Amino acid sequence: KKNAEFRDQNITASADARRKLRKKRAIESAERLYGKMQPAQLRVIDANLAASPYDPAEAMAAREARQRDILQTLRRWVAEKPDRGALLVSMRGLMERMEQPTDPTLRAARQRAIEFNCRASADLHNSTTPAQRLAARAKLKDWEDDLRSLAGERAP
């Protein structure tokens with residue numbers, strides 16, 4: 001169901017519909033961290049989206065490759081019933097492959113996306129006001145506290 005939704009929104013939808021959805025999501029993400037975006041910041045988002053190397057077909061291929069890997073790994077666990085140590089090693093391997101795909105094409109695409117997104121994030125951050133940066137700092141602190149709480153730690 002989620003793959004069909006992804007395909008509908010990212011591959012079969014018109015270029016204009018894809019662009020509008022990506023912009024909507026980018027603005028929502030930025031506003032979740034910084035608060036309301038100003039016109040100049042919306043222009044930064046527009047410029048970055050226009051320059052983005054994002055390729056929906058490439059993203060779908062990477063998504064499906066991750067899903068195949070997860071299913072193969074789960075099936076292997078069911079068939080082999082590994083002990084706790086072997087299971088942990090296998091889980092780490094799976095997580096590493098999620099982070100760094102073994103396929104060179106998918107790995108290169110992931111690296112391009114990381115580099116682009118870092119630059120785009122820096123561009124947006126550099127366009128924020130002092131008040132927005134304070135809001136982001138508070139939001140990040142709240143998230144940190146939540147994660148520490150979930151991990152059973154006390155906030156420093």
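What you are looking at is a predicted structure, and each value in this text was computed from that prediction instead of being measured.
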> How far apart are the C-alpha atoms of Glu5 and Lys1, what are their side-chain angles, what is the distance that settles it, and do they pass the salt bridge (charged side-chain N to carboxylate O under 4.0 Å, His left out) test?
Replying inline: CA-CA 6 Å; Glu5 183 180 302; Lys1 180 179 172 182; over 6 Å; no
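- Both Met98 and Met91 are assigned to one and the same hydrophobic cluster, defined by single-linkage of ILVMFWY side chains at heavy-atom distances under 4.5 Å.
- Ion pairing between a basic and an acidic side chain is recognised when a charged N comes within 4.0 Å of a carboxylate O; Arg112 and Glu58 show such pairing.
- The shortest side-chain heavy-atom distance between Gln132 and Lys36 does not fall under the 4.5 Å cut-off.
- Taking CZ of Arg92 as the reference point, atom CG of Leu88 lies at 5.5 Å (rounded to 0.5 Å).
- Shown here are the side chain to side chain donor-acceptor pair (under 3.5 Å) partners of Arg7, two or more places apart in sequence or in another chain: Glu64.
- In this structure, NZ on Lys23 lies 6.0 Å from CG on Leu42, to the nearest 0.5 angstrom.
- Of the N and O atoms on the side chains of Arg18 and Asn10, not one donor lies less than 3.5 Å from an acceptor on the other residue.
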> Between Glu144 and Lys141, does a salt bridge (charged side-chain N to carboxylate O under 4.0 Å, His left out) hold up when you go through it step by step?
Replying inline: CA-CA 5 Å; Glu144 176 190 18; Lys141 179 66 174 129; 3.6 Å; yes
>> Run the side chain to side chain donor-acceptor pair (under 3.5 Å) test on Arg22 and Ser52 for me, step by step, so that the C-alpha distance in whole Å, both residues' side-chain angles and the decisive distance to 0.1 Å come before the verdict.
In response: CA-CA 11 Å; Arg22 290 185 67 219; Ser52 173; 3.1 Å; yes
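- Within a 6.0 Å sphere centred on CZ of Arg107, heavy atoms belonging to other residues, nucleotides or ligands number more than 12.
- Pro56 has its side chain within reach of Tyr54: a pair of non-hydrogen atoms, C-beta onward, lies under 4.5 Å apart.
- Checked options Leu140, Thr128, Leu124; the residue passing with Leu33 is Leu140 (criterion: side-chain contact (heavy atoms from CB on, under 4.5 Å)).
- Asn117 places a side-chain N or O within 3.5 Å of a backbone atom of Ala113 that can act as its donor or acceptor partner.
- At least one side-chain heavy atom of Met60 sits less than 4.5 Å from a side-chain heavy atom of Asn3.
- Taking all atoms of both residues into account, the shortest heavy-atom contact from Pro101 to Leu106 is CB-CB, 3.9 Å.
- Using a distance-only test at 3.5 Å, with no hydrogens or angles considered, a donor-acceptor pair links the side chain of Arg133 to the main chain of His125.
- A heavy-atom distance below 4.5 Å is found between the side chains of Arg76 and Ser90.
- When every heavy atom of Asp83 is checked against every heavy atom of Ala86, the shortest pair comes out as OD1-N, 2.8 Å.
- Between Arg32 and Glu28 there is no salt bridge, since no side-chain nitrogen of the basic residue lies less than 4.0 Å from a carboxylate oxygen of the acidic one.
- Between the CD atom in Gln38 and the OG1 atom in Thr129 there is a gap of 5.5 Å [rounded to 0.5 Å].
- No continuous path of ILVMFWY side-chain contacts below 4.5 Å connects Tyr34 to Leu134, so the two sit in separate hydrophobic clusters.
- Distance check, rounded to the nearest 0.5 Å: CD1 of Ile114 to CZ of Arg119 gives 12.0 Å.
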> When you look at Leu49 and Ile45, which way does the side-chain contact (heavy atoms from CB on, under 4.5 Å) test go after all the steps?
Replying inline: CA-CA 6 Å; Leu49 288 174; Ile45 290 171; 3.9 Å; yes
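- Considering CD of Gln100 and CE of Met95, their distance stands at 13.0 Å, rounded to 0.5 Å.
- Linking ILVMFWY residues whenever their side-chain heavy atoms come closer than 4.5 Å, directly or via other members, places Trp77 and Ile70 in the same cluster.
- Here the side chain of Lys20 pairs no donor or acceptor atom with the backbone of Ala17 at under 3.5 angstrom.
- The closest side-chain donor-acceptor pair between Arg19 and Ser14, if any, does not fall under 3.5 angstrom.
- A chain of hydrophobic side-chain contacts below 4.5 Å, direct or via other Ile, Leu, Val, Met, Phe, Trp or Tyr residues, connects Leu74 to Leu87.
- For Arg25 and Gln9, the side-chain atoms include at least one donor-acceptor pair closer than 3.5 Å.
- Note that CZ of Arg68 is 12.5 Å distant from OG1 of Thr73, once rounded to the nearest 0.5 Å.
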